[in-house]
Amino acid sequence: AQKITQTQPGMFVQEKEAVTLDCTYDTSDPSYGLFWYKQPSSGEMIFLIYQGSYDQQNATEGRYSLNFQKARKSANLVISASQLGDSAMYFCAMRGNQGGKLIFGQGTELSVKP
Amino acid sequence: GAVVSQHPSWVICKSGTSVKIECRSLDFQATTMFWYRQFPKQSLMLMATSNEGSKATYEQGVEKDKFLINHASLTLSTLTVTSAHPEDSSFYICSARLSSGRNEQFFGPGTRLTVL
């Protein structure tokens, strides 16, 4: 069975500082993908970044980077230079070989302080 | 990125009525769509996988007779909540994946259902 765990219900960060949101996973699939989504109060799910299990390098997308440690089964999201607009719920998700469905973690509510 | 739309964005209905939610992929074809529900301050829980031209695959614990899914075309999947009750009040979100070989998965804006 697949499982995604986010252990930080809430996080605070000062504007312009970097923040790391934790995500660990468990799967028996040899090939899988890891995703991070942002969900503002409006409810829409915004795709941030993707990491494939066989990717050699950590994924980066602008201010977002994914710290992928395969042996530890962790896929932490790093947001650099936080902005007030980054305040939102952040979800880590995994897709294995089970029909392409995404399984989500519990989410982390990030609050950026001015 | 690809666009997925949902209609309606919100709906209020009386207990016992049925509500249909549409999910459309606007600029791509989606052979597979996914339906999630989300309670306040909680994560997205997968309800079912909708496959074009075939029956949906429901997750364990999801009543297939209550949540009817029809994926009639490559751009449209519908979720019908039958005989809705207050406990069905939730945020329903659909998702579609681009063709196999692509990693992206895009979500609709969600539908907020309130059952009185």
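Since the model is a prediction, treat every value here as computed from it, not as a measurement. To find a chain, count down the sequence lines: A is the first, B the second, and so on, and within it residues start at 1.
Other residues, nucleotides and ligands place no more than 12 heavy atoms under 6.0 Å from the NZ atom of A:K113. Other residues, nucleotides and ligands contribute more than 12 heavy atoms inside 6.0 Å of the NZ atom of B:K66.
For B:Q38, the part sitting under 4.5 Å from any heavy atom of chain A is the side chain, from C-beta outward, and nothing else. In this structure, the portion of B:L46 lying under 4.5 Å from any heavy atom of chain A is its side chain and not its backbone. When heavy atoms are compared at a cutoff of 4.5 Å, A:Q6 does not approach chain B at all.
Both A:I49 and A:M11 are assigned to one and the same hydrophobic cluster, defined by single-linkage of ILVMFWY side chains at heavy-atom distances under 4.5 Å.
Counting heavy-atom pairs closer than 4.5 Å to chain B, the top-ranked of the candidates A:K101, A:E44, A:M89 is A:K101.
Interface with chain B: from residues 102-111 of chain A, residues A:L102, A:F104, A:G105, A:Q106, A:E109 qualify, criterion being any non-hydrogen pair under 4.5 Å.
With sequence neighbours excluded, the residues that form a side chain to side chain contact (heavy atoms under 4.5 Å, CB included) with B:L26 are B:V3, B:S5, B:R24.
The shortest non-hydrogen separation linking A:C23 to A:W36 is CB-CZ2, 3.4 Å. Here the closest non-hydrogen pair linking A:V13 and A:A18 is CG2-O, 3.7 Å. Smallest separation of non-hydrogen atoms from B:M33 and B:A96: CG-CB, 4.0 Å.
For the ring pair (Phe, Tyr, Trp, His ring centres under 6.0 Å) with B:Y36, the qualifying choice from B:F107, B:F91, B:F67 is B:F107, the only one to do so.
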